[in-house]
Amino acid sequence: MYGLPPELVVTADGPIRVVTLNRPADLNGVNRAMHQALARVWDHLTADADAQVVVLTGQGSAFSAGGDFDYMQENIDDAELRARTIDEGRAMVTGMVRCPLPVIAAVNGPAVGLGCSLALLSDLVLMADTGFLADPHLRMGLVPGDGGMVWPALIGLSRAKEYLFLGERISAQQAVRFGLAIRVVAADDLMSEAMSLAARLTKIPSRALRDTKRALNAYLEAQLPQAFERAFAGELASMHSPEHSRAVAAAKAKSATTP
């Protein structure tokens with residue numbers, strides 16, 4: 001649907017739209033095509049008159065391993081691409097915050113970096129018992145501009161600093177305790193649970209639901225020109241830093257030797 005590339009698949013189940021990150025052989029790492037599609041899909045969903053609820057998930061064993069290392073290298077090498085990537089990141093975050101449809105993240109495995117941001121920018125998060133959250137932007141020499149600033153609204157400033165600074169994993173059970181997810185589900189049951197929850201949401205008067213989401217997300221909306229913009233500026237500057245270049249080179253070398 002929507003004329004998107006195969007890296008991001010949208011299917012319809014009645015009024016439910018299932019958005020699937022679709023690079024399973026690469027743990028749904030976000031390459032250029034997927035990044036561009038993620039920046040566009042929220043406008044398509046908003047304009048879809050028949051859509052009422054969105055379920056966001058990953059194909060295969062991972063939700064998303066985050067940014068693709070080759071795509072990171074492309075950004076290191078190309079200043080114009082870096083600027084476009086940040087513009088797309090801004091469109092992605094703004095699109096998710098302002099999307100009137102409730103978004104359920106069905107986190108079917110690891111959600112790392114940008115994958116973690118996509119999960120936490122969703123409205124309701126279901127975690128497979130095999131899943132975890134982590135944001136290692138800083139370990140890669142990057143400012144977390146594509147969603148890191150949503151953390152303080154969800155878990156408080158002090159804990160947000162702890163997990164963004166250190167990039168440590170948050171298990172599915174911890175995510176529920178912290179308020180980052182609503183419940184843990186057996187991996188085999190995750191999509192049926194997500195679709196059941198989506199079906200329940202379709203029974204709620206849509207105008208009231210959308211206006212309630214809009215009101216609640218006003219807390220995030222107020223930070224779009226503040227914390228989020230400062231983070232995007234920092235991310236753009238860090239995308240060509242020596243620290244990031246070294247981190248990407250080390251990551252690519254490690255992945256090349258891993259069976």
Side-chain angles (χ1 to χ4, degrees), residues 7 21 23 26-39 58 62-97 110-121 132-155 157 159-170 180 220 223-256 258:
E7 287 84 352
L21 307 172
R23 298 187 71 224
D26 298 288
L27 300 179
N28 298 318
V30 180
N31 64 0
R32 190 191 301 196
M34 186 186 287
H35 200 266
Q36 291 171 345
L38 284 166
F63 183 75
S64 174
D68 177 87
F69 295 136
D70 288 336
Y71 182 40
M72 290 184 188
Q73 187 63 54
E74 291 176 43
N75 277 289
I76 290 170
D77 297 336
D78 188 335
E80 290 186 6
L81 179 60
R82 289 196 295 275
R84 288 199 300 273
T85 295
I86 291 297
D87 286 342
E88 290 164 8
R90 184 182 293 108
M92 195 184 309
V93 170
T94 302
M96 292 193 74
V97 169
V112 179
L114 179 53
C116 183
S117 295
L118 291 168
L120 298 188
L121 284 163
F132 64 83
L133 305 172
D135 194 326
H137 271 82
L138 272 74
R139 291 185 186 178
M140 295 300 296
L142 288 171
V143 174
D146 56 15
M149 297 308 105
V150 76
W151 285 71
L154 300 174
I155 59 174
L157 189 58
R159 185 163 273 163
K161 289 177 179 178
E162 176 187 3
Y163 283 95
L164 288 174
F165 287 179
L166 299 175
E168 293 180 345
R169 292 184 180 185
I170 299 174
L180 296 170
L220 297 176
Q223 289 302 323
L224 290 176
Q226 302 297 329
F228 282 95
E229 276 306 313
R230 186 163 294 188
F232 280 128
E235 185 171 23
L236 178 59
S238 64
M239 287 169 76
H240 195 234
S241 67
E243 294 90 346
H244 180 52
S245 296
R246 288 195 294 268
V248 171
K252 291 180 70 176
K254 182 178 179 180
S255 65
T258 301

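The model shown is predicted, which means the values in this text are computed figures rather than measured ones.
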CG (Leu154) and CZ (Arg159) are apart, to the nearest 0.5 Å, by 12.5 Å

Between Arg23 and Val30, is any pair of side-chain heavy atoms under 4.5 Å apart? no

Met140 and Phe69: CA distance, side-chain angles, deciding distance, side-chain contact (heavy atoms from CB on, under 4.5 Å) verdict: CA-CA 10 Å; Met140 295 300 296; Phe69 295 136; 4.1 Å; yes

Side chains of Cys116 and Trp151: does their closest heavy-atom pair fall under 4.5 Å? yes

Ignoring hydrogens and geometry, is there a side-chain-to-backbone donor-acceptor pair from Asn31 to Tyr71 under 3.5 Å? no

Assess the residue pair Leu114 and Met92 against the criterion (side-chain contact (heavy atoms from CB on, under 4.5 Å)); give the C-alpha distance rounded to whole Å, side-chain angles, the decisive distance to 0.1 Å, and a yes or no. CA-CA 11 Å; Leu114 179 53; Met92 195 184 309; 3.8 Å; yes

Do Ile86 and Met239 come within less than 4.5 Å of each other through their side chains, counting heavy atoms only? yes

Around Lys252, counting heavy atoms of other residues, nucleotides and ligands shown, do more than 12 lie under 6.0 Å from its NZ? yes

What's the separation between atom CZ in Arg84 and atom CG in Asn75, rounded to the nearest 0.5 Å? 9.0 Å

Distance col, row Arg82:CZ vs Glu74:CD, nearest 0.5 angstrom, shows 12.5 Å

Distance check, rounded to the nearest 0.5 Å: Met72 atom CE versus Ile76 atom CD1? 8.5 Å

Checking Ser64 side chain against Gly29 main chain: does a donor-acceptor pair fall under 3.5 Å? no

If we only count heavy atoms from C-beta on, is the Glu7 to His35 side-chain gap below 4.5 Å? no

Please check: side-chain N/O of His244 versus main-chain N/O of Ser238, any donor-acceptor pairing under 3.5 Å? no

Is there a side-chain contact between Leu118 and Met96 in this structure, where contact means two heavy atoms from C-beta onward sitting under 4.5 Å apart? yes

In terms of heavy-atom contacts, Gly167 and Ala134 come closest through O-CB, 4.0 Å

Do Ile170 and Phe132 come close enough that some side-chain heavy atom pair is under 4.5 Å? no

Checking Arg90 against Phe232: charged group under 6.0 Å from the ring centre and within 45 degrees of the axis? yes

Is there a side-chain contact (heavy atoms from CB on, under 4.5 Å) between Glu235 and Thr85? Walk through the geometry before answering. CA-CA 10 Å; Glu235 185 171 23; Thr85 295; over 6 Å; no

Which pair of heavy atoms, one from Ser241 and one from Gly141, lies closest together, and at what distance? OG-O, 3.7 Å

Under 3.5 Å: donor-acceptor pair, side chain of Arg169, backbone of Leu133: no

All side chain to side chain donor-acceptor pair (under 3.5 Å) counterparts of Asp135, not counting sequence neighbours: His137

Yes or no on side-chain contact (heavy atoms from CB on, under 4.5 Å) for Val150 and Val97, after CA distance, side-chain angles and deciding distance? CA-CA 10 Å; Val150 76; Val97 169; over 6 Å; no

Could you report the tightest heavy-atom contact between Pro144 and Leu138, atom names first, then the distance? CD-CD1, 3.6 Å

Answer yes or no: is there a side-chain heavy-atom contact under 4.5 Å between Leu220 and Met149? no

Identify the two heavy atoms, one from Pro152 and one from Ala160, that lie closest to each other, and give their separation to 0.1 Å. N-CB, 3.8 Å

Non-hydrogen side-chain atoms of Phe63 and Asn28 separated by less than 4.5 Å: no

